[in-house]
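To start, the structure under review is shown below, and the notes come after it.
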Amino acid sequence: MKPIALLAGLIVMHFAGMTHAGTLNNGEWKPSQCGAKPATPTIDDQDVDAFNKSVAAINDWQQQARVYFECLIKEANADNNVIAESAKREQAAYRQSVEAVGAAAEAAKKKLDKK
C-alpha cells in the first residue's frame, strides 16, 4: 500500500509542479503563469489633458499590477509548498535507506557472529 500511496503522491506533486512552477535563474525567481509584469506608468505634466490621461493610465496599471502580484504570490507559495514536500519525501526516503542498511548490517553481523 505504501508504494502506491507514494507513487500517487509523486504524480500529484509532479502535476502540481507543472501547474505552478516558476523559473529560477541566477538566484532570481519569476512566476510562469502570471503573464508579463505590467510596466509602471509615468506622469505626463505637459497639460491638464495629458495629466488626466496619465492618471487614468495609473488607475489601469494599479488594477493590472494587483492581479499580477496576487498571481505571483499564489504561484510562489505553491512552488514553496512543492519544494518543501519534495524535500520532506527525499528526507524520509533517506531515513528509510539508512534504517534498511543498518538493519541489513546488523543481520549480517548476527549471522557472522554465529559462525
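We number each residue from 1, following the sequence as shown. Computed from a prediction, not measured in an experiment: that's the story for all the values here.
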Is a side-chain N or O of Ser86 found less than 3.5 angstrom from the main chain of Val82, in a donor-acceptor match?
no
Please list all pairs passing the disulfide (SG to SG under 2.5 Å) test where one or both residues lie in residues 50-115, with sequence neighbours left out.
Cys34-Cys71
Test Ile43 against Ile58 for side-chain contact (heavy atoms from CB on, under 4.5 Å), laying out the working first.
CA-CA 8 Å; Ile43 299 291; Ile58 289 169; 3.0 Å; yes
Which heavy atom of Ala57 sits nearest a heavy atom of Pro41, and at what distance?
O-CG, 4.3 Å
Mind jotting down which residue pairs meet the salt bridge (Lys or Arg N to Asp or Glu O under 4.0 Å) criterion with at least one end in residues 26-36? Sequence neighbours excluded, please.
Glu28-Lys30
ILVMFWY cluster membership beyond Tyr94 - transitive side-chain contacts under 4.5 angstrom:
Val98
Let me check something: any side-chain donor-acceptor pairs from residues 102-110 under 3.5 Å, sequence neighbours excluded? List them with distances.
none

Sequence neighbours excluded, every pair satisfying disulfide (SG to SG under 2.5 Å) that has a member inside residues 78-115:
none
Using the side-chain contact (heavy atoms from CB on, under 4.5 Å) criterion, which residues pair with Asp45? Sequence neighbours excluded.
none
From CG (Leu24) to CD1 (Ile83), nearest 0.5 Å
8.0 Å
Determine, stepwise, if the pair Phe69 / Lys37 fulfils side-chain contact (heavy atoms from CB on, under 4.5 Å).
CA-CA 8 Å; Phe69 284 104; Lys37 180 179 167 183; 3.9 Å; yes
Does anything in residues 83-115 form a disulfide (SG to SG under 2.5 Å)? List the pairs, not counting sequence neighbours.
none
Check for a donor-acceptor pair, side chain of Asp44 on one end and backbone N or O of Ala50 on the other, with a separation under 3.5 Å.
no
Checking Gln62 now: which residues fulfil side-chain hydrogen bond (donor to acceptor under 3.5 Å, both in side chains) with it, not counting sequence neighbours?
none
Pairing residues for Asp60 by the side-chain hydrogen bond (donor to acceptor under 3.5 Å, both in side chains) criterion, not counting sequence neighbours
Gln64
Enumerate the residue pairs fulfilling disulfide (SG to SG under 2.5 Å) with a member in residues 74-115, sequence neighbours excluded, ordered by first and then second residue.
none
Distance-minimising heavy-atom pair for Tyr68 and Pro31
OH-CG, 3.8 Å
Looking only at atom types and distance, does a side-chain atom of Glu75 sit under 3.5 Å from a main-chain N or O of Gln33, one as donor and one as acceptor?
yes
Applying salt bridge (charged side-chain N to carboxylate O under 4.0 Å, His left out) to Asp49 and not counting sequence neighbours gives Lys53
Among residues at least two apart in sequence or on other chains, which ones pass side-chain hydrogen bond (donor to acceptor under 3.5 Å, both in side chains) with Gln63?
Arg66
CA sep, side-chain torsions, deciding dist, call: Leu72, Trp29, side-chain contact (heavy atoms from CB on, under 4.5 Å):
CA-CA 10 Å; Leu72 178 140; Trp29 178 89; 4.0 Å; yes
